[in-house]
Amino acid sequence: MPAVRDQVIAALAEARHTGWDGLLAAQRAYLDDFWERADVELEGDTELQQAVRFALFHTLQSGARAEQRAIAAKGLTGPGYDGHTFWDTERFVLPVLTYTAPDAARDALRWRHATLDLARERAKQLGLEGAAFPWRTIRGQECSGYWPAGTAAFHVGANIADAVARYHAATDDDAFDREVGLELLVETARLWRSLGHHDPQGRFRIDGVTGPDEYSAIADNNVYTNLLAQLNLRAAADAVARHPRHAAELGADFEEAATWRDAARDMVIPWDEMLGVHPQSEGFTNHQVWDFEHTSPGQYPLLLHFPYFDLYRKQVVKQADLVLALHVRGDAFTGEEKARDFEYYERMTVRDSSLSACTQAVIAAEVGHLELAYDYFAEAAFMDLRDLEHNTRDGLHIASLAGAWIAAVSGFGGMRDHNGELTFAPRLPARLERLAFRLLFRGRRLKVDVTKQDATYTLLDGPPLRLGHHGTAITVSKNEPVTEAIPPGVERPAPSQPPGREPTRRALDST
Ligand code: IFM
């Protein structure tokens, strides 16, 4: 702690020297610069506009001065979760910071890197190789003893790897790639290689894991986990190819990388032939469906009213899991699969976690349920302003607030960044007349301005940039905005939610 004390003393001395006006001017300049590159504008819903800016401000606030310390689930806004950081950071917060405040994303990943020794120790303790990052922590040790299923939530490591790959692709920060990214990728890939195994049919299985949905645990071949592990294994092999000399210092070579590529190629992705959907994990769709009809509104959140053993053995989803895979590994599914899977999981997703609505917004928008997407978008953005979970006194839900940006930009803006390529598929719900957002990509500032009819891509600075718009490649150059028409969307019947768990309707509400 002496380092923190010294930092505080130095900051106070500098503040006295600068004075109130100086501090105010510096803060103003910092935030002006931030909004210049990161603002999200909505026309048609003033309250939601305000909520989105509130959300973005707090996402920045949680990470901008973390300076290689953990970004907690509540930021620094309250005592909830004892100040612990979770996968929330890499899965929800860093995708936003990567495109709006990339230095903060880099520093957060440097913090993870600084905890690698503890993660290696944890892997060894569990009889595994590589690094097992903790489910919840402050300085790197696993602190989730109270939730045994958390030990098996190994997807944490793949979310870190995904955040590393995204940050590198969006910034071309090669020094980070070599000094930080490579080792994080190698050690997380080693974990997957030792946790999974090839079965007699030659398929790579990852058995006995807990995926994102906390109402399921210790299941085989969780689709989200396996697809993220696949991404992790490939990203690690690519990093070894980019930096063979540095990889050798970590004891990694092409031969080891080849075993990662084999595992990625042979990864099991379960499929339910009869229903024509992906089971969240192997066997999930055979489980009895939760008795939603006889569950009263007062019995939510379910975890406070029913024993976990019963939740675990039924089809009931606390938070987006398979649907999260449809977003972050959207490149692994067809459009038809996404639509069917979304509709299937919508019926059993109860949103007892604040980490769900934003993902449901993204996929609802992609598969054609724009008004439902808008309702989920509003839920993510108003989570704390309206105290939707009645616990904002414990601190803000930073992942949900980051999710408001994700719902706007990846939902209605249709932004995806699979394999380092930036693509958009914008489409607006009835209530919005216009959506505009800005972001940073490979040293450029890009503005995307969407109306019901078209989208205009403006490169504010930097060399020409190749993008995708609804499947068509376009190139934007500075001062030469490109406007593209928005093709008509697909009409689908609205999916249903468990009774009483529908999102508050906002899309068609004009108040
Ligand atoms: O990380 C989340 C988890 O997914 C759901 N329960 C709360 C945690 C902290 O936000």
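Both counts, for ligands and for their atoms, begin at 1 and track the order of listing.
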**Student:** Can you tell me which portion of Q319 lies within the under-4.0 Å heavy-atom range of ligand 1? Options are side chain, backbone, both, or neither.
**Tutor:** side chain
**Student:** Please report which non-hydrogen protein atom sits nearest to atom 7 (C) of ligand 1, along with the residue it belongs to and the distance in Å to one decimal place.
**Tutor:**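 Among all protein heavy atoms, the one nearest atom 7 (C) of ligand 1 is Y81 OH, 3.0 Å.
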**Student:** So, T285 and D272: side-chain donor and acceptor under 3.5 Å apart, yes or no?
**Tutor:**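 Yes, a side-chain donor-acceptor pair sits under 3.5 Å.
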**Student:** Report yes or no: is the cationic atom of R501 (NZ for Lys, CZ for Arg) under 6.0 Å from the centre of the six-membered ring of Y300, at an angle within 45° of the ring normal?
**Tutor:** yes
**Student:** Judged by atom type as modelled, is there a donor-acceptor pair below 3.5 Å linking the side chain of S410 to the main-chain atoms of G414?
**Tutor:** no
**Student:** Is the centre of the Y167 ring less than 6.0 Å from the centre of the F176 ring?
**Tutor:** yes
**Student:** Would you say L275 has more than 12 foreign heavy atoms packed within less than 6.0 Å of its CG?
**Tutor:**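 Correct, the count exceeds 12.
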**Student:** Just going by heavy-atom distances, which of W135, W87, F92, F86 is nearest to atom 4 (O) of ligand 1?
**Tutor:** W87
**Student:** I'd like to check which ligand 1 atoms, numbered from 1 as shown, lie under 4.0 Å from a non-hydrogen atom of E214.
**Tutor:**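 Listed by number with element, the hits are 3 (C), 4 (O), 5 (C), 6 (N).
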**Student:** Quick one: nearest non-hydrogen protein atom to atom 2 (C) of ligand 1, plus distance?
**Tutor:**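 Checked against all protein heavy atoms, atom 2 (C) of ligand 1 sits closest to D88 OD1, 3.5 Å.
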